[in-house]
Each structure stands twice: as structure tokens, then as C-alpha cells.
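Accompanying notes for the structure given below.
Computation of the quantities below employed the complete heavy-atom set of this structure, encompassing side-chain atoms and omitting hydrogens, waters and symmetry-equivalent molecules. When a ligand or atom number is given, it counts from 1 through the structure's own listing order.
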Amino acid sequence: MSFQVFGLPVSRGVAIGRAVLVASSRVDVAHYFIDDSQVGPEIERLRVARDAVANELSTLQRDLPSDAPGELSALLDVHLMLLHDETLITATKQWIQERHYNAEWALSAQLEVIARQFDDMEDDYLRERKADLEQVVERLLRAMSRGPSSTYAPAPGVSPRDFAGEDPLVLVANDIAPADMLQFKRSIFTGFITDVGGRTSHTAIVARSMDIPAVVGAREASHIIRQDDWVVIDGDNGIVVVDPSPLLLEEYRFRQRQSGLERDRLSRLRHTPAVTLDGERVELQANIELPNDAPAALEAGAVGVGLFRSEFLFMNRGGDLPGEDEQFEAYRAAVEAMKGLPVTIRTVDIGADKPLDRMSSAELRHEHALNPALGLRAIRWSLSEPGMFRQQLRAILRASALGKVRILIPMVAHLAEVRLAFEAIARAKQQLADSGRAHGIVEVGAMIEVPAAAIALPTLMRHFDFVSIGTNDLIQYTLAIDRADEAVAHLYDPWHPAVLQLVAQTISYARSTDKAVSVCGEMAGDPAFTELLLAMGLRSFSMHPSQIAAVKQRVLRADTRRLTPHLRALLESEDAEAACRELFARPVHAEAPIGLS
Ligand code: PEP
Ligand code: MG
């Protein structure tokens, strides 16, 4: 029977496909597709893990003290029985063989299936065995993480389309780690649904960068939706329709075709320069996560990379970090792909919801950091790892010999940090000079994403060549709203007067000092803000390549002489969103929800 689940619309468009569930587990699990050659080795990893756990359990049982309660031994018997149960192992192998999931993913997918069967049982005793099954699977997952690791590294361009059958697939999960999103970026999912997350959580950002529909913060979605259910993701309205009726499906297919046509129409603006009606030139740059995003940026008409989120190079590596040469190659690839256009490389923004690797994620979130968003992240983390920081700086500096490269420091708040960062840059340059390596002239900029930086801009600005406003974090820190927490997502408000004031002030002050200023947060790529930002004096925007055409269309229709006189009233307005909509007469959402009237 058809039903709907509601969440936050974070990436536009409609996706229709069969649900692929990524189960959440107490042990962090990597999720990726494998190719044919890896099916055998993955099944072997599963077998090795099962033998190891069987040994573990038998040893535990053998070594039980003689006065141990009899239930303990009976419990271990149950665990051993579950471990050897064919429903677990045979079906897990099937996920590996037929769906080409890696072993951990296959195991957690099968756990989900069996757990649901337990949930449906009438008998209390049997229903409670679900916890035992979870413990056994947890042991298996831990054994796999200790045992031979997967040798498989998905190569760029490898697509699991061949394994997935004919139907399009959408991903449903409690949460998707940024590292997993990176894997999925190369895969075939046509949409994402998560239980948790906010509009600017990194799941949402990566989904937008892939330009595929996504709904986050959909609460119970991963529990209600079942493997292989047909679902529609309405990314414009934050609605997920499960098992849609044929009529509804037809309506959504129609909308899908319409948005495809709209995209084609907008893509014709690709090579049109972004100039307002009154002749103001506007720079539309791209945000990228990996060097191989750069061709798409060029293709979309970006005039440079305004934000290269370098931390994505540090993910999916099991804790091992990329060295100087490897980083240099990545930066070089981006610089070369941009064919002479500027590339702004942000030094790693690790921490908060972008942990270094899976194990450190758990540690970072739950064991060490009381509040990760306010903890050791971004420049704070880099300064706490001086060797690694200089390594990254040397790699960036070396790439600057090959094209126009700028360094961007994330989450600047204290002058002491600024001084230390510049000392590190000076030392990195010196080390390069000492070893006879070249570097170019590099401008250094600050991300303005902490209110302290926006307020103390006159003091900070002296040290920097440019600033880039990270509105995602600026909103989070100004309003004290965790950007990844769906429980407070309704309060995460880019239109809040305090946020708009800080953005306007930063742009105005930077312009008064003749230093370059841009916005690289999600606000820059949302056409609802284009006129307002232009009225504030912004002439440089950086966004996902897929958003460039829609923003360009707004720029081409704007006349800054008509916009600027409205600025004061908009900043003082109690509802700037409604005021902007009225003044600039355009709908915020292109499409109304289907079947909800
Ligand atoms: C921001 O905070 O606006 C930003 C661009 O950085 P990130 O989203 O990567 O934190
Ligand atoms: Mg940020």
C-alpha cells in the first residue's frame, strides 16, 4: 500500500527507483560496490571472519569458570547456532554475488532482513533473540575489520551498473558518512533518503554536488522502507512516496521529464558570461570535493574553483593520510583540469561531521569531543598536527607553480591561529626553497564562518588577501543550531536577520578595503538569494557546478541599480524571505507537491 514519509528537501528533482537499504550498525561499516573479480575474495573474508568468531565463542565457552551460571553457556550456544545459521551466511553470500555489495555491507543488509523477521514474531522469547543476532553480526564485523582487509579500491569510472539489474536504485539509510557519500558519488544511485541530517549536512551537500534528488531528516524512513520497495523521492518538497500508485507514478514521471527539459534549457547558458542588466560582471565559481569534479565545473561554465574541499582526499583511507606527493598530484590534477582558471584550495576541514576515518569518527564524536562542531576541527585540527599541515601546504604551494592557486583557511576565529597559520606557510615555503622546489605566488584567504571572524573582520582582514563566507557554518554558529541535527533543522534559518547582517557586513567591509570577497556556502547556489547577495555588493559566488546555470539566469535578469536601494529594508525585515519573493517575484520552489492538495 502506498504511503508517504516527510523530510527536508535538500537536493532538487524527482527520483524514482527501488530502495537499497544501508543498515546502520553499532560498528561502522564501509559500503561500496565490488566488481566481479572481488566476489570470491569478499566471500572468503566472510568465511575467515566466521571461523574466527566461531573460535572466539568456543574458547569463551571452554574457559567459562566452573561456577558460571548455566545461562551463559546456553547463550554462547545460541550465538554459535546463529553464527552457523544458513539464513545468515548463505543470504549474505547472495548479497555479495548478486548485488555486488562488499562483505560488510552484505552482512548488515542481511542482518536488517532477519531483524525484521524477528520483530514480526509473536513469541517474546524468540523476538528477543534479535539482540543476540546483532551481537553475533557485530562480532563478525569486528573480525572482518581485524582480518584481511578488502583489496578493492573502486577505480574512478568503475560503475556497478552492470550488477544492479535494470531498475534504477535509490539509497535509503539512517545516515551516510561523508566518506561513504564519496564512494556513492561514483555509483548509480539516482536519489538519497536519510533519517537524519539537516539542509547543509555533508550528505545533503554531496547529494547536491551530484545533482541528484535527496530528502534528509526523514526520521524513520530507513525502518519503514524495505529493501527493493519502489520509492519516489520528491527532492523539491521533501516527500518520499513508498509503493506509489500507477497514477501518482505517472505524475512524477511527467515532472521528471519537465525538470529534465528545464535543465537542458538552462544548460544553454553555459558559455554566456554572467553579467547583470546594468553591466556588472559576476564571477560564478565551483565548489569541488575531488580533482575529478573539475571537468564538470568547467563544463558547467565555472570561471574557477572557489572552494576545493581538500578533506575529501583524506577520507576512505582507514586512517592513513595522503602524503605530500600524493596531495600534490591531486592539486595538480585540479589545476590542470581548470586550464588556467584559479583554484582555491581549502586546507583540511576535518572534524565535526567530517571525521578522518571510521574509527576516528566514533572516537571523535562519542569518546573525546564533547561537542565536535565546537571542538578540534578545521584550522584548529591542522595547527594541532603541524607536520601534516606543512605537508599539505607544501603540496599546495608546489601546485601553485603550475597555475593560479589560492589557499583558503577554514574556521578562522583567533588572531593567534592566523599568525600560526602564516608561520606554517612561511616555513613550508622555506622548506621548498631549501630543497630547490618551485612554487608560485599564492594568495591566502580566510573563511568567514564563525561570527567572531565576521565581527572582528577589520582586525583579521589585514592579514589576508581575500575572504570567502562559509554561510553553512556561519548560520550554524550564529544561531547555535547544529547543521547536521534534524531535530533542530527547522531553526536552521539562512534568512535570519542576524545571519543576513553578518553576511552583508562582511561583504561591505571587504569591498571597502578593496579585497576580494565571495560566498561559498550553500546560500551562494540557492537562486532565492541571488538578488539579495547582489544587493549586498557580492560579485563572486561559489557553488556546486549543477547550480551555476540557475544562478546565472538570475544574474542575467538582475539590475543591481534597482536592487541596492532595497537592501536596508530587506535587512531590517521580519521576513526577508517573503520580502525578497515579493520584490523579485519568483517562486522559491518551482513545483508544488503532487497529490497533497
Ligand atoms: C560553509 O561552512 O559554508 C562551507 C562552505 O564549508 P563546509 O560546508 O565544507 O563546512
Ligand atoms: Mg564550513
Side-chain angles (χ1 to χ4, degrees), residues 10-11 177-179 181-182 185 197-210 216 284-290 293 297 302 304-315 344-356 372-382 406-413 417 445-454 466-485 489 492-494 496 499-500 502-503 506-507 517-526 529 533 538 540-545 547 551:
V10 294
S11 186
M181 277 305 272
L182 217 53
K185 206 164 165 160
R199 273 172 219 279
T200 56
S201 58
H202 283 90
T203 310
I205 290 181
V206 179
R208 273 196 289 277
S209 81
M210 295 160 72
V216 305
L284 301 182
Q285 301 203 60
N287 293 354
I288 65 171
E289 272 102 40
L290 291 172
D293 294 333
V305 169
L307 173 65
F308 179 166
R309 290 184 162 99
S310 70
E311 57 276 11
F312 282 85
L313 297 174
F314 289 63
M315 293 178 185
T344 309
I345 302 172
R346 175 171 76 181
T347 58
V348 280
D349 185 359
I350 280 300
D353 64 336
K354 284 179 291 186
L356 254 190
L374 301 181
L376 196 63
R377 65 169 283 202
I379 185 62
R380 301 170 184 179
W381 186 82
S382 292
R406 309 195 304 172
I407 295 177
L408 183 57
I409 312 283
M411 222 186 149
V412 169
E417 291 166 339
M447 283 199 75
I448 305 300
E449 39 189 0
V450 178
F466 68 98
V467 289
S468 186
I469 309 174
T471 49
N472 307 338
D473 277 315
L474 189 61
I475 298 165
Q476 141 161 292
Y477 295 126
T478 305
L479 302 181
I481 299 297
D482 187 333
R483 64 194 262 195
D485 185 351
Y492 184 93
D493 181 11
H496 192 291
V499 172
L500 298 182
L502 287 176
V503 173
T506 305
I507 295 170
V517 53
S518 69
V519 171
C520 64
E522 296 299 298
M523 206 185 250
D526 183 346
F529 287 95
L533 291 170
L538 189 74
S540 174
F541 298 58
S542 191
M543 66 199 80
H544 303 298
Q547 297 167 321
V551 171

Taking a 3.5 Å cut-off between nitrogen or oxygen atoms, can you list every pair linking ligand 1 to the protein, with distances?
{"residue": "ligand 1", "atom": "2 (O)", "partner": "Glu449", "partner atom": "OE1", "Å": "2.9"}
{"residue": "ligand 1", "atom": "2 (O)", "partner": "Asp473", "partner atom": "N", "Å": "3.0"}
{"residue": "ligand 1", "atom": "2 (O)", "partner": "Asp473", "partner atom": "OD2", "Å": "3.0"}
{"residue": "ligand 1", "atom": "3 (O)", "partner": "Gly470", "partner atom": "O", "Å": "3.4"}
{"residue": "ligand 1", "atom": "3 (O)", "partner": "Thr471", "partner atom": "N", "Å": "3.1"}
{"residue": "ligand 1", "atom": "3 (O)", "partner": "Asn472", "partner atom": "N", "Å": "2.8"}
{"residue": "ligand 1", "atom": "3 (O)", "partner": "Asn472", "partner atom": "ND2", "Å": "3.2"}
{"residue": "ligand 1", "atom": "6 (O)", "partner": "Arg346", "partner atom": "NH1", "Å": "2.9"}
{"residue": "ligand 1", "atom": "8 (O)", "partner": "Arg309", "partner atom": "NH2", "Å": "2.9"}
{"residue": "ligand 1", "atom": "8 (O)", "partner": "Asn472", "partner atom": "ND2", "Å": "2.9"}
{"residue": "ligand 1", "atom": "8 (O)", "partner": "Arg483", "partner atom": "NH2", "Å": "2.8"}
{"residue": "ligand 1", "atom": "9 (O)", "partner": "His202", "partner atom": "NE2", "Å": "3.4"}
{"residue": "ligand 1", "atom": "9 (O)", "partner": "Arg309", "partner atom": "NE", "Å": "2.7"}
{"residue": "ligand 1", "atom": "9 (O)", "partner": "Arg309", "partner atom": "NH2", "Å": "3.3"}
{"residue": "ligand 1", "atom": "9 (O)", "partner": "Arg346", "partner atom": "NH1", "Å": "3.2"}
{"residue": "ligand 1", "atom": "9 (O)", "partner": "Arg346", "partner atom": "NH2", "Å": "2.8"}
{"residue": "ligand 1", "atom": "9 (O)", "partner": "Lys354", "partner atom": "NZ", "Å": "3.2"}
{"residue": "ligand 1", "atom": "10 (O)", "partner": "Asp473", "partner atom": "OD2", "Å": "3.0"}
{"residue": "ligand 1", "atom": "10 (O)", "partner": "Arg483", "partner atom": "NH1", "Å": "2.9"}

Side chain to side chain contact (heavy atoms under 4.5 Å, CB included) involving Ala454 - partner list, sequence neighbours excluded: Ile448, Leu502, Thr506
Proximal protein heteroatoms (N, O or S) of the Mg ion (ligand 2), under 2.8 Å: Glu449 OE1, Asp473 OD2
Criterion side-chain contact (heavy atoms from CB on, under 4.5 Å) on Met210 and Ser11, from CA distance to verdict: CA-CA 9 Å; Met210 295 160 72; Ser11 186; over 6 Å; no
Where is the tightest heavy-atom contact between Glu289 and Ser209, given as atom of each residue plus distance? OE1-OG, 3.2 Å
Check: Leu479 main-chain N/O paired with Tyr492 side-chain donor or acceptor under 3.5 Å: no
Among Ile481, Val499, Asp482, which one satisfies side chain to side chain contact (heavy atoms under 4.5 Å, CB included) with Gln476? Asp482
Under a 4.0 Å threshold between the charged nitrogen and the carboxylate oxygen, would Arg199 count as salt-bridged to Glu522? no
Would you call Arg483 and Asp473 a salt bridge, using N to O less than 4.0 angstrom? yes
Which heavy atom of Ile409 sits nearest a heavy atom of Thr347, and at what distance? CA-OG1, 4.1 Å
Test side chain to side chain contact (heavy atoms under 4.5 Å, CB included) applied to Ser518 - qualifying residues, sequence neighbours left out: Ser468, Ser540
